[in-house]
Amino acid sequence: MKFVLLILLIFPSVLLAKVVLIDPGHGGEEVGAVGYLDSKKSRKVYEKDLSLRLSKKIKEVLSKSTTTYLTRSLDRTVSLQERADLADLVKADLFLSIHFNSSSNAKSHGLELYYLDNNANAAANKVARSENLNLKGEELIVNQILVDLVVQQTVHHSKALARFVHNEVKPVIKSNKIEDRGVKPGLFYVLALSKRPGLLVEVGFVSNPGELRKVNEEKFLNSMAQAIASGVIAFIKASK
């Protein structure tokens, strides 16, 4: 219970962002969503790989303006608690989690951004369930309590961060004919455990073959990385 008390009692300052921690979703044994680039399903793409590719590009851009770290730089399994512990270790001011979406409906498409907040939106909760992996029993109960506490500390800044990033990514998704699914609240424990203002980005649907081909292109990933980084930098400047 010591780590629980530490989480409940210590919250970093949210007045000025200097250090950004980028979290490539999934990794290692947790492959995340799986998509295919061809109808024969011979060209497989894992969410874990796409999220790492994009996260590295975002870090490259952000590192020119602010101190930036990755929760993983290789294909390895990282628990939610390990990601949160790293946020404490590097004294991160902002936490940015990068994901790609999936749906049983192969026609689902679009980009959406989530900030940590309580909500009753069924669609948002469905996404949250898919990302809140391996949580059960006491750990789940603790994290549910933690969400309420962290929301009070971070929601204002997290919503602002989401708005800044959203403004920058809109031209990119428009030019690539990707639907804008907007900014939404979500109960993501990786954001709660980080105890920082944060944002979770679902860049596109790997379950949609057409959209997967778009988001898998280097040109798109470069443009998206630049847009996300620009949004984060704009937020940091506005927070000073």
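Note that the OG1 atom of Thr77 and the CD atom of Glu30 stand 6.0 Å from one another [nearest 0.5 Å]. To the nearest 0.5 Å, atoms CG (Asn101) and OG (Ser207) are separated by 7.0 Å. Atom-to-atom distance recorded for Ser73:OG and Leu52:CG is 7.5 Å, nearest 0.5 angstrom. Interatomic distance, CD of Glu179 versus NE2 of His109, reported as 4.5 Å (0.5 Å rounding). Remark: Lys237 NZ to Thr66 OG1 distance equals 11.5 Å, nearest 0.5 Å. Within the model, atoms OG of Ser63 and NZ of Lys56 stand 13.0 Å from one another, a figure rounded to the nearest 0.5 Å.
Shown here for Tyr114 and Pro185, the closest heavy-atom pair between the two residues is CD2-O, 3.5 Å. The two residues Asp75 and Gly27 make their nearest non-hydrogen contact at OD1-C, 3.7 Å. Across Lys177 and Lys214, no two heavy atoms sit closer than the pair O-NZ, 3.2 Å. In terms of heavy atoms, Leu111 sits closest to Leu113 at CD2-CD1, 3.4 Å. Closest heavy-atom contact between Ile178 and Gly110: CG2-CA, 3.8 Å. Contact between Phe100 and Glu202 at its shortest, heavy atoms only, is C-OE1, 3.1 Å.
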Trace of the side chain to side chain contact (heavy atoms under 4.5 Å, CB included) decision for Val45 with Leu50: CA-CA 8 Å; Val45 177; Leu50 272 178; 3.8 Å; yes
Side chain to side chain contact (heavy atoms under 4.5 Å, CB included) between Met224 and Ile228, intermediate numbers included: CA-CA 6 Å; Met224 181 56 61; Ile228 291 174; 3.8 Å; yes
Derivation and outcome, side chain to side chain contact (heavy atoms under 4.5 Å, CB included), residues Ile58 and Leu96: CA-CA 10 Å; Ile58 297 171; Leu96 186 63; 4.2 Å; yes
From CA spacing to verdict: side chain to side chain contact (heavy atoms under 4.5 Å, CB included), Val34, Lys44: CA-CA 7 Å; Val34 181; Lys44 185 182 295 186; 3.5 Å; yes
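Under the 4.5 Å side-chain heavy-atom criterion for Ile, Leu, Val, Met, Phe, Trp and Tyr, Leu221 and Val201 are members of the same hydrophobic cluster. A single hydrophobic cluster is seen to contain both Leu200 and Ile98, as judged by linkage of ILVMFWY side chains at heavy-atom distances under 4.5 Å, directly or through other members. Residues Tyr36 and Phe205 do not share a hydrophobic cluster, defined by chaining ILVMFWY side chains whose heavy atoms lie under 4.5 Å apart. Both Leu116 and Leu80 are part of a single hydrophobic cluster, where members link through side-chain heavy atoms under 4.5 Å apart. Under the 4.5 Å side-chain heavy-atom criterion for ILVMFWY residues, a single connected hydrophobic cluster contains both Leu54 and Leu70.
At a cut-off of 3.5 Å, with distance as the only test, a side-chain donor of Ser97 or His99 sits close to an acceptor on the other residue. Between the side chains of Lys57 and Asn222, a donor-acceptor pair is found at a separation under 3.5 Å.
In this structure, Leu94 and Phe235 have side chains that are in contact, with non-hydrogen atoms separated by less than 4.5 Å. Between Ile236 and Val20 the shortest side-chain heavy-atom distance falls below 4.5 Å. Glu218 has its side chain within reach of Arg53: a pair of non-hydrogen atoms, C-beta onward, lies under 4.5 Å apart. Inter-residue side-chain proximity for Leu62 and Ile22 is flagged as met; some heavy-atom pair is nearer than 4.5 Å. Put simply, the side chain of Arg72 reaches to within 4.5 Å of the side chain of Ser51, judged on heavy atoms. Using a 4.5 Å heavy-atom cutoff, the side chains of Phe95 and Leu161 are not in contact. In this structure, the side chains of Pro24 and Thr71 come closer than 4.5 Å at one or more pairs of heavy atoms. The shortest distance between side-chain heavy atoms of Arg43 and Asp38 falls below 4.5 Å.
Glu112 has a carboxylate O that lies under 4.0 Å from a charged side-chain N of Lys184, or vice versa, which qualifies the two as a salt bridge. Ion pair Asp23/Arg83 flagged as a salt bridge, since at least one NZ, NE, NH1 or NH2 atom sits closer than 4.0 Å to an Asp/Glu carboxylate oxygen. Salt-bridge check for Asp88 with Lys195: passed, with a basic side-chain N closer than 4.0 Å to an acidic carboxylate O.
The environment of CD in Glu60 is sparse: at most 12 heavy-atom neighbours from other residues, nucleotides or ligands sit within 6.0 Å.
When the salt bridge (Lys or Arg N to Asp or Glu O under 4.0 Å) test is applied to Asp85, no partner is found at least two apart in sequence or on another chain. Residues meeting the side chain to side chain donor-acceptor pair (under 3.5 Å) test with Ser102, sequence neighbours left out: none.
Judged purely by atom type and a 3.5 angstrom limit, Thr67 has no side-chain atom pairing as donor or acceptor with the backbone of Val19. A donor-acceptor pair is defined here as one N or O able to donate and one able to accept, closer than 3.5 Å; such a pair exists between the side chain of Asp93 and the backbone of Lys18. Listed for the Thr68 side chain is no donor-acceptor partner under 3.5 Å among the backbone atoms of Lys59. When atom types are taken as modelled, the side chain of Ser158 and the backbone of Gly198 share a donor-acceptor pair closer than 3.5 angstrom. In this structure, the side chain of Lys159 does not engage the main chain of Tyr115 through any donor-acceptor pair within 3.5 Å.
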Check: residues 163-173 side-chain donor-acceptor pairs under 3.5 Å, at least two apart:
residue	atom	partner	partner atom	Å
His166	NE2	Asp180	OD1	3.0
His166	NE2	Asp180	OD2	2.9
Asn167	ND2	Arg163	O	3.3

